[in-house]
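Below is one structure, written out as structure tokens, with a few remarks after it.
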Number of protein chains: 2
Amino acid sequence: MAEPDPTPQDEAARAGWLYYVGGLTQDQVAAELGVSRQRAQRLVAKAMADGLVHVRLEHKISACLDLEAALVRRFDLQLARVVPALPEGVDTAHATAPAAAQLLERYLAEAEPLIIAFGTGRALSAMASEVMRTPHAQHRIVSLISNIAPDGSASFYDVIMRMADKLQLPHYPMLVPVITDTAAERALFNALRPVQAVMQLAEQADVTFVGIGQINEEAPLFKDGFITRAQLDDLLAAGAAGEIVGGVIDAEGRYIDTETTRLIGSFRIPAGREKPVIGIAAGKSKLQAMQAALKGRLINGLVTDESTARALLD
Amino acid sequence: MAEPDPTPQDEAARAGWLYYVGGLTQDQVAAELGVSRQRAQRLVAKAMADGLVHVRLEHKISACLDLEAALVRRFDLQLARVVPALPEGVDTAHATAPAAAQLLERYLAEAEPLIIAFGTGRALSAMASEVMRTPHAQHRIVSLISNIAPDGSASFYDVIMRMADKLQLPHYPMLVPVITDTAAERALFNALRPVQAVMQLAEQADVTFVGIGQINEEAPLFKDGFITRAQLDDLLAAGAAGEIVGGVIDAEGRYIDTETTRLIGSFRIPAGREKPVIGIAAGKSKLQAMQAALKGRLINGLVTDESTARALLD
DNA sequence: CCAGAGTTTGAGCAAATGCCCAACCAGTGA
DNA sequence: TCACTGGTTGGGCATTTGCTCAAACTCTGG
């Protein structure tokens, strides 16, 4: 009781430790910390909510291993990661996150300095919360697309900042707004020196992590207010099947070019890249988009879940 | 339902996934897997018991950070890791294990091939269960002490085998029995070619993980039946304060030499080593032994818990 | 085919947990 | 000083979980 004043986060961590690692009941945690049981329960919940507690499974379920092998063969991938399916309705981004994080950590553990590129979106954001600090600090991370809406506000999923913060790595955010009002404005941005530098880094990236977005009412671009309904309709009319770091593609995985796409500014992932480009996506709604990206060979690695994998293979 | 026959372990992993990652209740898990709730609960428990589920905490409690810094300063260590204390009576080896495993993983992630040496004991054994597979497979692991009792039986805590199995690394077990009947027999063993090879590897080890044992009624050496009560008394009479991979030390951390110690065969950790030698130990009962090991500069890194750290600093 | 030992299964129950809600507390503006 | 607002605390209760125990089942040897 000689403790001066533990910060709230410290206390949550301690409660989480006692509960999850020590295996105490919340009653015991409460007694240990000298607080009420309810407070202990809240601290434990907070530790979880704040992402202090990480749970991972070691064992690879053989059915998933089979699917991984099948995906690699079928789509000529460098690697595939399939996690067991969660029942419909449960957040899919959440399911793939630990596997994706594990994959990323593998790259982070490399001794030679790497350039690691990130897209945005819920899947990547969830991955960011799951990575654990690793010591090697020689890598650089670069963002392929900003999260700045036309009105200057930033969307939730600021992947690169969270990553950089967590890993203490030098980072290069994409400065260009996701979408500008005119093509001229876009050209202006693209000509900026720092923007070109980031683009060049993205070009050289040793490994790239991207989300895959569907293009419909639920499209991330649309839901987060980056594009208007009219622009969404424009894209759909042009045969849009999916989107990958802002690049809109048709069902064959070719980038499409419309009035709207000319306003979107981000690094454009080239087809058939040698270096790993890992797509992280799962869920029925993304199926079409994922198929397009695979067909166009925009990604050569995939992290998804069991049911999506099965659907892709059909 | 087209699944042929998932292995029991697969099923446990799947249940664990749904429960821990998916956050479903056991009822929901049961429904998803098409089994009874009790079976679901057993599967989840099995996943945990089999070590399929790993829980770690991200946050460092500031009180622990302070203690780490104090330990490093006070005992001139290369590194110290302090985990929050669990209440008395809860298994201490279990508490330090995740932190120790994380540390080990750091070395495993190194790109250049390392030689990693291990002692034995509950603490190391617990660490082994906590390590997660990492990709780099170029290291070698070597055992500093065997777990073979004089009657030829092996004790529980076969650290190196578990490690090798989990990490798929080439391993060099210590062949010599922990203790022989006569000094002549011991000399015979030590002269063996493969034994010398292992000793040489141990000498070169880039990093060494050891447990620290107390010497009293509860001494691991005694409890696991490696030494007799008479031998225990012999050691105590000679001023034994602790034991480190079979080497018995006095309160100043100097190796003591008695009839009994001459029968014990293991690699002897030299004092003041440059390369990291990390001791993993916690608990009041080990305090004296830990102080001795620190005084004798036999270890230059420490993983322990909060209350032990505090006690050491007094 | 049967008897017996060992294992697995699900019902029932007590303990543990999550959550709602009313009471309380600190800070703010009148 | 007092009323008000936003946030925190602990009581109470429904749900969930761990565990025990007896029944069922399997494997083996006669």
Side-chain angles (χ1 to χ4, degrees), chain A residues 1 3-59 61-62 84 86-91 94-95 129, chain B residues 1 3-57 59 61-62 84-91 94-95 129:
Chain A
M1 307 301 161
E3 313 306 309
D5 58 335
T7 77
Q9 185 118 116
D10 266 17
E11 221 178 355
R14 194 175 283 273
W17 171 267
L18 291 167
Y19 186 69
Y20 289 108
V21 181
L24 307 198
T25 72
Q26 296 184 351
D27 269 327
Q28 295 171 295
V29 173
E32 194 68 20
L33 266 56
V35 299
S36 73
R37 189 186 70 77
Q38 287 79 347
R39 183 149 170 70
Q41 123 83 346
R42 275 186 198 114
L43 285 171
V44 170
K46 178 177 163 58
M48 180 56 93
D50 289 3
L52 266 41
V53 180
H54 289 254
V55 180
R56 280 192 198 170
L57 274 190
E58 181 107 10
H59 187 79
I61 297 168
S62 56
L86 292 178
E88 298 250 356
V90 180
D91 179 18
H94 183 248
S129 352
Chain B
M1 306 299 161
E3 314 305 309
D5 58 335
T7 78
Q9 186 117 115
D10 266 18
E11 223 178 353
R14 194 175 285 273
W17 170 266
L18 291 168
Y19 185 69
Y20 288 108
V21 181
L24 308 196
T25 72
Q26 296 184 351
D27 269 328
Q28 294 171 296
V29 173
E32 195 68 20
L33 266 54
V35 299
S36 73
R37 187 185 74 74
Q38 285 78 352
R39 185 151 168 69
Q41 125 81 345
R42 278 189 193 111
L43 285 171
V44 170
K46 179 176 164 57
M48 181 56 91
D50 289 3
L52 268 41
V53 181
H54 291 253
V55 181
R56 281 193 197 168
L57 273 190
H59 186 78
I61 297 168
S62 55
L86 293 178
E88 297 249 358
V90 179
D91 179 18
H94 184 245
S129 351

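Quick note: numbers below take in every heavy atom, side chains included, and nothing from hydrogens, waters or symmetry partners.
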Tell me: [atom1] of [X] to [atom2] of [N], nearest whole Å?
X	N	atom1	atom2	value
A:L43	C:dT17	CG	P	14 Å
A:K46	C:dT17	NZ	C1'	20 Å
A:Y19	C:dA16	OH	P	11 Å
A:M48	C:dC19	CE	P	12 Å

Partners passing side-chain hydrogen bond (donor to acceptor under 3.5 Å, both in side chains) against [X] (at least two apart in sequence or in another chain):
X	value
B:D50	B:Q9, B:K46
A:E58	B:H54
B:S36	none
B:R56	B:E105

### Query
Could you run down nucleotides 7-14 of chain D 5' to 3' and tag each one B, S or - for protein heavy-atom contact under 4.0 Å?
--BBBB--

### Query
Would you say a side-chain N or O of A:Q41 is under 4.0 Å from OP1 or OP2 of C:dG18?
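Looking at the OP1 and OP2 atoms of C:dG18, one of them is under 4.0 Å from a side-chain N or O of A:Q41.
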
### Query
OP1, OP2 of C:dA16 versus side-chain N and O of A:Q28: anything below 4.0 Å?
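No, because none of the side-chain N or O atoms of A:Q28 sits under 4.0 Å from OP1 or OP2 of C:dA16.
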
### Query
Which atom pair, heavy atoms only, marks the closest approach of B:P87 to A:L18?
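Result for this residue pair: CD-CD2, 3.8 Å.
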
### Query
What residues, two or more places apart in sequence or in another chain, satisfy side chain to side chain contact (heavy atoms under 4.5 Å, CB included) together with A:V21?
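Testing A:V21 for side chain to side chain contact (heavy atoms under 4.5 Å, CB included), a comparison that skips the adjacent residues, returns A:W17, B:P98.
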
